[in-house]
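Input: a single structure, listed below in structure tokens.
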Amino acid sequence: MHDFAIGQLHDLLRAVGLTNSAESATELLGEALGPGSRLPLSAVPHWPSSVADDHTPVEFSVALAQNEPPAVRMIVESLAEQPGRQANVTAALRVLDGLTERHQVRLRQLDLVRDLFLPEDPQGAFAFWYSLIVGPGAPPAVKVYLNPDVRGRESATALVGEALSRLGLSAALPAVQEHALRRAGLDRFSFFALDLMEEDRARVKTYVAHDDAVVADVVRAAAAVPAVDPAILADVCELACGGTGPFSRRPLMSSYTFLSGDTERPSGYSLYIPVRDYVQDDLEACERVLAIMARCGLDTTPFVMALASLVQRPLGDGVGLIAHVSLRLGRPKPGVSVYLSSEAYDVTPPRTKALSA
């Protein structure tokens, strides 16, 4: 698994013009994957990671913005030699010790909330994931994803509220609740993320999943952030999902970005759309992503090159290579990201036309 993912990253970085970052980025990915990733790539994954549909513990993405070079990101679950939920957390924290020594990683904000999100007996689909961010002209950056459900779903809102309070953002929780947690039992915190860098540049991000949402629900969620354009948000949502909802498969997800100086309201909003759940195959997903980029005035070339570097089959032969698409609005950098699966272990067959309707 390790060598397969490293090879894919090499190809992806070359495709989007980040070859100069390949050495540091592949070293970082190799560390983050953990010792369990070095087991031979078999027909069955050694751990059912929730990072990707086929349980590959890494997912790639390409972040695009107007008049900016692309960035490549990876979501990674560290695997222990004998993978397990707690063992993987232990492996991830050992990786973190190494990253702190060799990379520009700052742990203060994580240390403030570590005891909340890393109990001895973690619950939920995961407890600790990495996000590795590779851009031009700078060392790779590191972000961590934590799970609000780690002490049980019923405790998630209180857990996020306490984390925000410890980070000096307690006044921001009401704005998120008012706009995104409106529908009891359908809106819920799903991720909590921190940049491991200097606090004046580090983001704090909260994510809310919206089960059975319609476009109006996410437009209302985005209104928590100043100066968000509801028209482009609604258009992108409809383009990605083929309608206005309700979206009853994997949920749409709102993300709020808090920057230094934010106290009562977030500076940025992103909508994450699991486009693979609302198309027949990756050919249809590709068409929808291209339409979204046209709507946002973005150059499609980096996305096309990135997709070509990873695809190993006709796009119509499966669904899920193009897993998510996200729209970023507000600060720090508006744009679109496209999430691409490794498909190291499996390819999900296309849906029938009846199911994709």
Side-chain angles (χ1 to χ4, degrees), residues 5-33 58-76 78 92 95-111 128-146 167 191 193-205 255 257-262 266-268 270 272 293 296 298-299 301-303 305-306 309-310 324 326-340:
I6 293 296
Q8 287 185 311
L9 178 58
H10 262 295
D11 292 343
L12 178 56
L13 293 173
R14 184 170 59 248
V16 299
L18 291 172
T19 305
N20 290 343
S21 301
E23 182 175 353
S24 58
T26 53
E27 177 186 353
L28 186 59
L29 175 58
E31 289 184 69
L33 282 167
V58 60
E59 179 185 65
F60 302 102
S61 62
V62 179
L64 306 169
Q66 288 187 346
N67 303 315
E68 294 276 352
V72 167
R73 302 175 182 179
M74 296 150 275
I75 298 174
V76 183
S78 300
V95 168
L96 188 61
D97 290 340
L99 297 182
T100 304
E101 292 177 3
R102 291 184 292 278
H103 299 274
Q104 296 178 4
V105 169
R106 302 291 182 268
L107 299 182
R108 182 180 177 276
Q109 294 201 101
L110 175 61
D111 287 341
F128 192 106
W129 288 349
Y130 284 104
S131 175
L132 313 176
I133 305 163
V134 184
V142 180
K143 168 182 166 184
V144 295
Y145 286 97
L146 305 168
L167 294 166
F191 295 94
L194 299 166
D195 286 340
L196 302 186
M197 60 178 63
E198 296 85 354
E199 289 182 40
D200 61 342
R201 297 191 298 120
R203 301 165 298 170
V204 175
K205 300 187 74 173
S255 170
T257 300
F258 297 92
L259 303 172
S260 177
D262 291 340
S267 287
S270 297
Y272 295 81
M293 290 186 174
C296 297
L298 293 171
D299 179 10
T301 303
F303 161 65
M305 297 298 290
S309 75
L310 291 180
H324 282 82
S326 70
L327 175 68
R328 305 186 306 275
L329 299 170
R331 298 172 60 206
K333 189 179 296 184
V336 169
S337 294
V338 186
Y339 294 74
L340 303 170

ask   = Where do S78 and F128 land on the side-chain contact (heavy atoms from CB on, under 4.5 Å) test, with the steps shown first?
value = CA-CA 8 Å; S78 300; F128 192 106; 5.9 Å; no
note = Taken in chain and number order and not counting sequence neighbours, the residues that satisfy salt bridge (Lys or Arg N to Asp or Glu O under 4.0 Å) with E23 are none
task = Kindly give the heavy-atom pair with the smallest separation between A65 and P334, and that separation in Å.
result = CB-O, 3.3 Å
Min side-chain heavy-atom separation L64-P70 under 4.5 Å = yes
remark   = Scanning both residues in full, the closest heavy-atom pair of L259 with S267 reads CD1-CB, 3.8 Å
side-chain hydrogen bond (donor to acceptor under 3.5 Å, both in side chains) against E199, all qualifying residues, sequence neighbours excluded = R108
key: Heavy-atom check, side chain of M74 versus side chain of V134, under 4.5 Å   = yes
ask   = Can R328 and S337 be said to form a side chain to side chain donor-acceptor pair (under 3.5 Å), step by step?
value = CA-CA 8 Å; R328 305 186 306 275; S337 294; 2.7 Å; yes
inquiry  = To the nearest 0.5 Å, what is the distance between CD on Q109 and CZ on R203?
reply    = 11.5 Å
inquiry  = As an exercise, state the distance from CG of L12 to CE of M305, rounded to the nearest 0.5 Å.
reply    = 10.5 Å
ask   = What pair of heavy atoms forms the shortest contact from L33 to A5, and how long is it?
value = CD1-CB, 4.2 Å
request  = Go through the steps for D262 and T257 under the test side-chain contact (heavy atoms from CB on, under 4.5 Å), then give the verdict.
outcome  = CA-CA 9 Å; D262 291 340; T257 300; over 6 Å; no
query = Roughly how far, to the nearest 0.5 Å, is the OH atom of Y339 from the CD1 atom of I75?
reply = 6.0 Å
task = Describe, in one word, how the ring planes of F191 and W129 are oriented to each other, choosing from parallel (under 30°), tilted (30 to 60°) and perpendicular (over 60°).
result = tilted
ask   = Are D11 and L310 side-chain neighbours, meaning at least one heavy-atom pair lies under 4.5 Å?
value = no
message = Can you confirm whether K143 sits close enough to R73 that some side-chain heavy atom of one is under 4.5 Å from a side-chain heavy atom of the other?
response = no
key: Whether S260 side chain and R201 backbone form a donor-acceptor pair below 3.5 Å   = no
Neighbour count >12 (heavy atoms, 6.0 Å) for atom CE, M197 = yes
ask   = Under a 4.5 Å cut-off applied to non-hydrogen side-chain atoms, are L196 and L99 in contact?
value = no
message = Going by the rule salt bridge (Lys or Arg N to Asp or Glu O under 4.0 Å), which residues pair with E59 if we only count those two or more places apart in sequence or in a different chain?
response = none
query = Do L298 and Q66 have side chains that get closer than 4.5 Å, going by heavy atoms?
reply = yes
ask   = What's the spacing between M293 CE and T301 OG1 if we round to 0.5 Å?
value = 10.0 Å
inquiry  = If you apply the rule side-chain contact (heavy atoms from CB on, under 4.5 Å), what do you find for L110 with L96, and how did you get there?
reply    = CA-CA 11 Å; L110 175 61; L96 188 61; 3.6 Å; yes
key: Shortest non-hydrogen contact from S326 toward Y272   = CB-CD2, 3.6 Å
task = Determine, stepwise, if the pair V142 / L132 fulfils side-chain contact (heavy atoms from CB on, under 4.5 Å).
result = CA-CA 5 Å; V142 180; L132 313 176; 4.3 Å; yes
task = Taking the side chain as every heavy atom from C-beta outward, state whether L28 and Y130 have any atom pair closer than 4.5 Å.
result = no
query = Side chains of L327 and V336: does their closest heavy-atom pair fall under 4.5 Å?
reply = yes
